[in-house]
Amino acid sequence: MPKMKTNSSAKKRFKLTGTGKIKRKHAFKSHILTKKTKKRKNALTKVTLVHKADENNVKTMLRIK
């Protein structure tokens, strides 16, 4: 049997933390930034964690689980 391939788009978008949680970036920060406030754009810059409900799907794409 061939090896299972990691989803290429997922491996570019997600990183694992030391405790096994998955980090992600916020959406809506790439274009049409003129109408967004500085406060909103600054908040979108920060990294956050993947929601618990989505963790299994992401782990499957990354072939962790």
Side-chain angles (χ1 to χ4, degrees):
M1 286 296 294
K3 293 180 184 178
M4 294 295 285
K5 286 190 176 181
T6 305
N7 185 310
S8 293
S9 61
K11 70 182 175 188
K12 294 170 191 171
R13 286 171 172 81
F14 302 108
K15 294 277 182 271
L16 271 177
T17 63
T19 55
K21 294 175 183 170
I22 305 168
K23 293 192 302 185
R24 69 169 178 89
K25 287 188 177 182
H26 283 278
F28 307 110
K29 185 76 197 316
S30 58
H31 62 102
I32 316 175
L33 299 172
T34 51
K35 63 174 88 169
K36 295 171 189 161
T37 63
K38 287 180 186 177
K39 182 179 178 182
R40 183 174 165 195
K41 287 186 280 191
N42 190 40
L44 291 173
T45 301
K46 297 179 173 81
V47 175
T48 187
L49 297 174
V50 171
H51 194 272
K52 198 168 191 243
D54 300 320
E55 263 186 20
N56 284 339
N57 289 335
V58 176
K59 284 182 177 181
T60 303
M61 287 190 284
L62 295 172
R63 299 292 174 212
I64 296 168
K65 192 174 178 186

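Note that the coordinates shown come from a computational prediction; the quantities given were computed from them, not determined experimentally.
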Item to check | Gap separating the NZ atom of Lys59 from the CG atom of Asn57, nearest 0.5 angstrom | outcome: 11.5 Å

Checklist entry - Does any N or O in the side chain of Lys41 come within less than 3.5 Å of the main-chain N or O of Leu33, such that one atom is a donor and the other an acceptor? => result yes

Item to check | Min side-chain heavy-atom separation Thr17-Ile22 under 4.5 Å | outcome: no

Next on the checklist: Please say yes or no: joined through hydrophobic side-chain contacts below 4.5 Å, possibly via intermediate residues, are Val58 and Leu49 part of one cluster?
Outcome noted: no

Item to check | Flag side-chain contact, heavy atom, 4.5 Å: Thr45 against His26 | outcome: no

Next on the checklist: Would you say that more than 12 heavy atoms from the other residues, nucleotides or ligands in this model lie under 6.0 Å from the NZ of Lys29, or not?
Outcome noted: yes

Checklist entry - How many angstroms lie between CZ in Arg13 and OG in Ser8, if you round to the nearest 0.5 Å? => result 10.5 Å

Next on the checklist: Do Arg24 and Thr48 make a side-chain contact, defined as non-hydrogen atoms from C-beta onward lying under 4.5 Å apart?
Outcome noted: yes

Checklist entry - How close do Thr6 and Arg63 get, heavy atom to heavy atom, and via which atoms? => result CA-CG, 4.0 Å

Next on the checklist: With rounding to the nearest 0.5 angstrom, report the NZ to NZ distance, Lys25 to Lys23.
Outcome noted: 10.0 Å

Next on the checklist: To the nearest 0.5 Å, what is the distance between CG on Leu62 and CD on Glu55?
Outcome noted: 11.0 Å

Next on the checklist: Is there a path of hydrophobic side-chain contacts, each under 4.5 Å between heavy atoms of I/L/V/M/F/W/Y residues, joining Ile64 to Phe14?
Outcome noted: yes

